[in-house]
2 protein chains.
Amino acid sequence: MKNITEKLIGLFKSGYCTPQIARIAKHIKEPSTTIHYNIKKLESEGAIKAYKAVFDYKKINQGTCNYVFINLGQDHYGDPEQIAYQLAKYDEVESIDICTGEFELIIKLRTKDIDEYYEFVKKIIKKYGFRRTESVTSLKQVKTEFVIL
Amino acid sequence: MKNITEKLIGLFKSGYCTPQIARIAKHIKEPSTTIHYNIKKLESEGAIKAYKAVFDYKKINQGTCNYVFINLGQDHYGDPEQIAYQLAKYDEVESIDICTGEFELIIKLRTKDIDEYYEFVKKIIKKYGFRRTESVTSLKQVKTEFVIL
DNA sequence: ATATATTTTTGAATATTATACGAATTTATG
DNA sequence: CATAAATTCGTATAATATTCAAAAATATAT
């Protein structure tokens, strides 16, 4: 056993997929070369960032999902983007937005369980010294990444 | 001009893509048939829900992103799931979670502009009679759907 | 309005890739 | 340790993407 599954999950999370031109061509009843042309155009314009898989995260050991709302500390208050891009690198981070309102950052986190979630939050608080964080746990995910579960 | 782009965006939002088996095989240096076997297994187990594209949403006229936090009204308080699955059907909804804490639902919304966002929120409040909603606007999206923008 | 350039669509030929299948190997189970 | 089940993997084939050149449609300038 080579545990290829684990590697696949990593690759599929943000790429290593491609459009199904033939299927689309049949579906919208246009020649596949026309579909091909239009897709390449979207790609070259940068409108399409990636092709990827969406998982049933419970089945790949990432069933715990939390939103973390963050107030940056005084050090970083003027530069939320730099912090955001650093946080974006973590695999556990599904999304991160710089926002209006009470909090500067909203992070959506996926972890195996509460323990892993807690370790992650502890780690980033320690590292970046956030003034305040507030978490909301997702009890049930009905739709993610435009896919209904 | 057949405006195939619009149709593609609709299809790619939640499907019509497929894994790149040959590319993965080269990347992790395993036979493509082994990769194929492992992917089909993930699919049959239901671990993979879909293969899809991730967009630069500004470039496809969906540059406005808002989180909407919802308190259900008394009518629906006992059954957040039913409401959530109905809301999930809207194209504008990227994700919807049933949550702990102050609000029962967190919706991530993508619209063309503030006007479209406002119309959408008005519509669902009117339809479902939420007790309270609170919105947070994303000023900058650093990562979405596990893809760094 | 008309000529010209640009973009988009399309079919035919080719290159690449996924898939089916069977055999071999590895791993799990009693 | 024997047997069953799961996984790996090579070969052959089917399906698909891609290239290319031409035609059509659209935009632009005169």
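Worth saying up front: this structure is predicted, and the values here are computed from it rather than measured. In what follows, every heavy atom counts, from backbone to side chain, and hydrogens, waters and symmetry copies are set aside. Residue numbers start from 1 in every chain, and the chains themselves are labelled A, B, ... in the order their sequence lines are given, proteins ahead of strands.
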Chemist: Would you tell me whether A/T64 and A/D113 have side-chain atoms, one donor and one acceptor, within less than 3.5 Å of each other?
Modeler: no
Chemist: Using atom CD of B/E6 as one end and atom P of C/dT8 as the other, report the distance to the nearest whole Å.
Modeler: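 About 14 Å, once rounded to whole Å.
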Chemist: Taking 4.0 Å as the cut-off, does a side-chain nitrogen or oxygen of B/Y37 come that near to OP1 or OP2 on D/dT8?
Modeler: no
Chemist: Starting at the 5' end of DNA chain C and moving along, which residue's nearest nucleotide shows up first, A/I35 or B/R23?
Modeler: A/I35
Chemist: With a 4.0 Å limit, can you tell me whether B/K40 has a side-chain N or O closer than that to the phosphate oxygens OP1/OP2 of C/dT19?
Modeler: yes
Chemist: Do the side chains of A/R110 and A/E92 get close enough for a salt bridge, i.e. N-O under 4.0 angstrom?
Modeler: no
Chemist: For the pair made of CD1 in B/I4 and C1' in C/dT7, what is the distance, rounded to whole Å?
Modeler: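 It is 13 Å, rounded to the nearest whole Å.
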Chemist: Could you work out which one of C/dT9, D/dA17, C/dA18 sits closest to the side chain of B/A22?
Modeler: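 Selected nucleotide: C/dA18.
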Chemist: B/T18 or B/E30: which one's nearest nucleotide on DNA chain D is closer to the 5' end?
Modeler: B/E30
Chemist: Distance check needed: D/dA6 C1' versus B/L42 CG, whole Å only.
Modeler: 14 Å
Chemist: Return the orientation label for the A/F120 and A/Y90 ring planes: parallel under 30°, perpendicular over 60°, tilted otherwise.
Modeler: perpendicular
Chemist: Look at the side chain of A/K112 and the backbone N and O of A/N61, then say whether any donor-acceptor pair between them is shorter than 3.5 Å.
Modeler: no
Chemist: Rounded to the nearest Å, what distance is computed from the CG atom of residue A/N3 to the P atom of nucleotide C/dT26?
Modeler: 17 Å
Chemist: If you link I, L, V, M, F, W and Y whenever their side-chain heavy atoms are under 4.5 Å apart, who else ends up in the same group as B/I106?
Modeler: A/Y67, A/F69, A/F103, A/I106, A/V136, B/Y67, B/F69, B/F103, B/V136
Chemist: Under 3.5 Å, which protein N or O atoms sit close to an N or O of nucleotides 20-24 of chain D? Give each pair with its distance.
Modeler:
none

Chemist: Is any side-chain nitrogen or oxygen of A/H36 closer than 4.0 Å to OP1 or OP2 of D/dA17?
Modeler: no
Chemist: Find the distance B/I39:CD1 to C/dA18:P and express it as a whole number of Å.
Modeler: 8 Å
Chemist: Does B/K26 place a side-chain N or O at less than 4.0 Å from the phosphate oxygens OP1/OP2 of C/dT16?
Modeler: no
Chemist: Would you be so kind as to tabulate the donor-acceptor pairs closer than 3.5 Å made by side chains of residues 35-48 of chain A, with sequence neighbours excluded?
Modeler:
from, atom 1, to, atom 2, distance (Å)
A/N38, ND2, A/T34, O, 2.9
A/K40, NZ, A/E43, OE1, 3.2
A/K41, NZ, A/E45, OE2, 3.3
A/E43, OE2, A/Y51, OH, 2.6
A/S44, OG, A/K40, O, 3.3
A/S44, OG, A/K41, O, 3.0

Chemist: Is there a side-chain contact between B/D91 and A/F146 (heavy atoms, below 4.5 Å)?
Modeler: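 The answer is no; the side chains never approach within 4.5 Å.
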Chemist: If you check every side-chain atom of A/I21, which of C/dT19, D/dC9, D/dA17 has the closest atom?
Modeler: D/dA17
Chemist: Kindly say if B/K41 contacts the phosphate of D/dA6, meaning a side-chain N or O under 4.0 Å from OP1 or OP2.
Modeler: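 Answer no for this pair, as no side-chain N or O of B/K41 is under 4.0 Å from OP1 or OP2.
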Chemist: Please state how far atom CD in A/E43 lies from atom C1' in D/dT18, giving the value in whole angstrom units.
Modeler: 12 Å
Chemist: Would you please confirm or rule out a distance under 4.0 Å between OP1 or OP2 of D/dT8 and any side-chain N or O of B/N38?
Modeler: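 Yes, B/N38 has a side-chain N/O under 4.0 Å of OP1/OP2 on D/dT8.
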Chemist: Rounded to whole Å, how long is the line connecting atom NZ of B/K29 with atom P of D/dT8?
Modeler: 18 Å
